[in-house]
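Values reported hereafter were calculated over all heavy atoms of this structure, with side chains retained and with hydrogens, waters and symmetry mates removed. Chain A is the first sequence line, chain B the second, and so forth, proteins listed ahead of strands; every chain is numbered from 1. Keep in mind the model is a prediction, meaning the values are calculated, not measured.
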Number of protein chains: 2
Amino acid sequence: MITLTEENYIKAIYHLGKYGINNVSTNAIAKEMETKASSVTDMVKKLSEKGYVDYKKYQGVTLTEKGKEIAINIVRKHRLWEVFLVEKLNFSWDEVHEVAEQLEHIKSKKLISQLDAFLEFPTHDPHGDPIPDKMGHIKKIDKILLSEAKIGNDCICVGVQDSSSDFLKYLDKNDIALGTELKVCHREAFDNSITIKIKAKELIISNMIANNLFVKVS
Amino acid sequence: MITLTEENYIKAIYHLGKYGINNVSTNAIAKEMETKASSVTDMVKKLSEKGYVDYKKYQGVTLTEKGKEIAINIVRKHRLWEVFLVEKLNFSWDEVHEVAEQLEHIKSKKLISQLDAFLEFPTHDPHGDPIPDKMGHIKKIDKILLSEAKIGNDCICVGVQDSSSDFLKYLDKNDIALGTELKVCHREAFDNSITIKIKAKELIISNMIANNLFVKVS
DNA sequence: AATAATTTTTAGATAAGTCTAAAAATTATT
DNA sequence: AATAATTTTTAGACTTATCTAAAAATTATT
Ligand SMILES: [Mn+2]
Ligand SMILES: [Mn+2]
Ligand SMILES: [Mn+2]
Ligand SMILES: [Mn+2]
């Protein structure tokens, strides 16, 4: 049996290891889990004994196949529940994460496969993140950060990098949602802020905003 | 903050205390929670310190108003989730309890109020048990056990006493569901088995079955 | 009313997950 | 290459929830 705490560690290691080729460090896990490095060392030993991670002292960890499978399943559940909350229960996209953090630990294969069907097999969650299928396959779409788009590009919003409530509310306030079409008009050399046009309206957004919004160039 | 374990103890005490006027005994809780009496004593002390139960050594416990409120809220969540599983995710009534045992601990007021609305404010769960409303009010309906019905009574099934999988599957097999109409035809003096008529078909059921099926005489 | 049976509580131990403080190893800087 | 800074691990302690075994209180039986 896997505990809730173990699941959360495995998920954290998965998210931290997704990019870089390097092992995930103790401190990185500690930061992500909001706990102390010493606690992480203890847990990492346990996860290693249970075969969820490969671990060599002082060298950080990587998920084993078994560990990765568990992580992906948790991510799948998390994102399906987020879709449910938005599509069926009228949550807004900045309210779902906290609840999904709890729901992702519910153990029932039937529950998830039926939920998936009920939601008509969604491929992405409310933040544009892909939902792994039953087999754990994740479909990658070619998205870029808005900050990397070129002047003149016509784009469509497909996801967010940061999904903090503050950022999502900012987007709501400025009528930016997934599916919104926009054009990149101008980049200010000094601060890398960019001017975008949404429908008829022009809007200036900081580099930090552009760095957290994924778009597809059309 | 209230832990998952505390919630389960409070719920157990609620269910055990629902009938009798007496305090709930340590052993009764131990049996219900599948744990040892000594563990119960420890927990009961903690619940008492936190103000969820009234406890005097060797005298058992009763829920305080605060404790009852928590218990009823858990029951409300449990039963709403059961409705969701049956109505929306095509679970059968013998499959929902285990999953609802997990879902009942998810903490989010909005989740439950929205779920309630999404399900169109159901008043009873798939086993005929009443769902407390947002204020904790429980509507009692006047149901009797089928074993208490009189010969000649026309009845409608409104609930089950036991909701074990074995019992529910027996009912499924014999086309007895909530809402099913039946007539009590005959009671055998020797073993108290009774003959009932469902639509055109006659069926003999044991006293034990009749003792676990709630009906309303129409 | 005394004794026996049962229930409940206490005492002490264990496992999971966390913490602080100190030691050890690794990495960066001179 | 030596020293300094940082990261990671270890050692020991604490909390929650559990257990077994023994003691204490209650309840039932003679
Ligand atoms: Mn999320
Ligand atoms: Mn998401
Ligand atoms: Mn149930
Ligand atoms: Mn039920």
Open item on the list: Under a 4.0 Å threshold between the charged nitrogen and the carboxylate oxygen, would A/Lys68 count as salt-bridged to A/Glu65?
Closed with: yes
Task: Salt bridge B/Lys110-A/Glu98, side-chain N to carboxylate O under 4.0 Å - done: no
Open item on the list: What is the separation between atom NZ on A/Lys31 and atom P on D/dT7, rounded to the nearest whole Å?
Closed with: 11 Å
TODO: For B/Ser39, answer base if it contacts any base atom (sugar-phosphate contacts may also be present), sugar-phosphate if it contacts only those atoms, and nothing otherwise; contact means non-hydrogen atoms under 4.0 Å.
DONE: base
- [ ] Indicate, with a heavy-atom threshold strictly under 4.0 Å, whether A/Ser38 touches base, sugar-phosphate, or nothing.
- [x] base
TODO: Using a 4.5 Å cut-off on heavy atoms from C-beta on, say whether the side chain of A/Arg76 contacts that of A/Lys134.
DONE: yes
Task: Derivation of the side-chain contact (heavy atoms from CB on, under 4.5 Å) call for A/Glu6 and A/Lys50 - done: CA-CA 10 Å; A/Glu6 288 168 355; A/Lys50 290 197 172 188; 2.9 Å; yes
- [ ] Can you tell me the distance, in whole Å, between the CE atom of A/Met1 and the P atom of D/dT18?
- [x] 14 Å
Task: Atom CG of A/Leu4: over 12 foreign heavy atoms under 6.0 Å - done: yes
Open item on the list: Using a 6.0 Å cut-off, check whether atom NZ of A/Lys88 has over 12 heavy atoms from anything other than its own residue.
Closed with: yes
- [ ] Can you figure out which of C/dT9, C/dA25, D/dC19 approaches the side chain of A/Tyr58 most closely?
- [x] C/dA25
- [ ] Could you check how far CG of B/Asp42 sits from P of D/dT16, rounded to whole Å?
- [x] 12 Å
Open item on the list: With a cut-off of less than 4.0 Å, is there a side-chain N or O of A/Thr3 near OP1 or OP2 of C/dA16?
Closed with: no
TODO: Identify, residue by residue, the members of residues 6-18 of chain A with a heavy atom below 4.0 Å from DNA chain C, and return them in order of residue number, or none.
DONE: A/Tyr9
TODO: For B/Lys45 and for A/Glu34, find the nucleotide of DNA chain C with the closest heavy atom, then tell me which residue's nucleotide is more 5'.
DONE: B/Lys45
- [ ] Using Watson-Crick or G-U wobble pairs with both distances under 3.5 Å, give me DNA chain D in dot-bracket, 5' to 3', with [ ] for crossers and | for pairs to another strand.
- [x] ||||||||||||||||||||||||||||||
Open item on the list: What's the closest nucleotide to the side chain of A/Tyr55 if the choices are D/dT18, D/dT9, C/dT7?
Closed with: D/dT9
TODO: May I have the distance from A/Leu4 (atom CG) to C/dT18 (atom P), rounded to whole angstrom?
DONE: 10 Å
Task: Spacing of A/Asn23 atom CG relative to C/dT26 atom C1', expressed in whole Å - done: 14 Å
Open item on the list: If I take atom CD1 in residue B/Ile29 and atom C1' in nucleotide D/dT18, what distance separates them, rounded to the nearest angstrom?
Closed with: 16 Å
Task: Close side-chain approach of B/Ser147 to B/Asn192, heavy-atom, < 4.5 Å - done: no
- [ ] Indicate the ring-plane relationship of A/Phe118 and B/Phe84, choosing parallel, tilted or perpendicular according to the 30° and 60° boundaries.
- [x] perpendicular
TODO: Could you check which of D/dT8, C/dT20, C/dT18 has an atom nearest any side-chain atom of A/Lys36?
DONE: C/dT20
Task: Rounded distance (Å) that lies between atom P of C/dT9 and atom NZ of B/Lys56 - done: 12 Å
Task: Selected nucleotide, minimal atom distance to A/Lys57 side chain, candidates C/dT26, D/dT26, D/dT9 - done: D/dT9
Task: Per B/Thr5 side chain, nearest of listed nucleotides D/dT9, D/dT18, C/dT8 - done: D/dT18
Open item on the list: Is there a side-chain contact between A/Asn27 and the phosphate of D/dT8, meaning an N or O under 4.0 Å from OP1 or OP2?
Closed with: yes
- [ ] State, yes or no, whether a side-chain contact exists between A/Leu80 and A/Pro122 at a heavy-atom distance under 4.5 Å.
- [x] yes
Task: Sugar-phosphate only, base, or nothing, as touched by B/Thr26 at under 4.0 Å among non-hydrogen atoms - done: sugar-phosphate
Task: Heavy-atom check, side chain of B/Val61 versus side chain of B/Asn23, under 4.5 Å - done: no
- [ ] To the nearest Å, give me how far apart CE (A/Met43) and P (C/dA16) are.
- [x] 10 Å
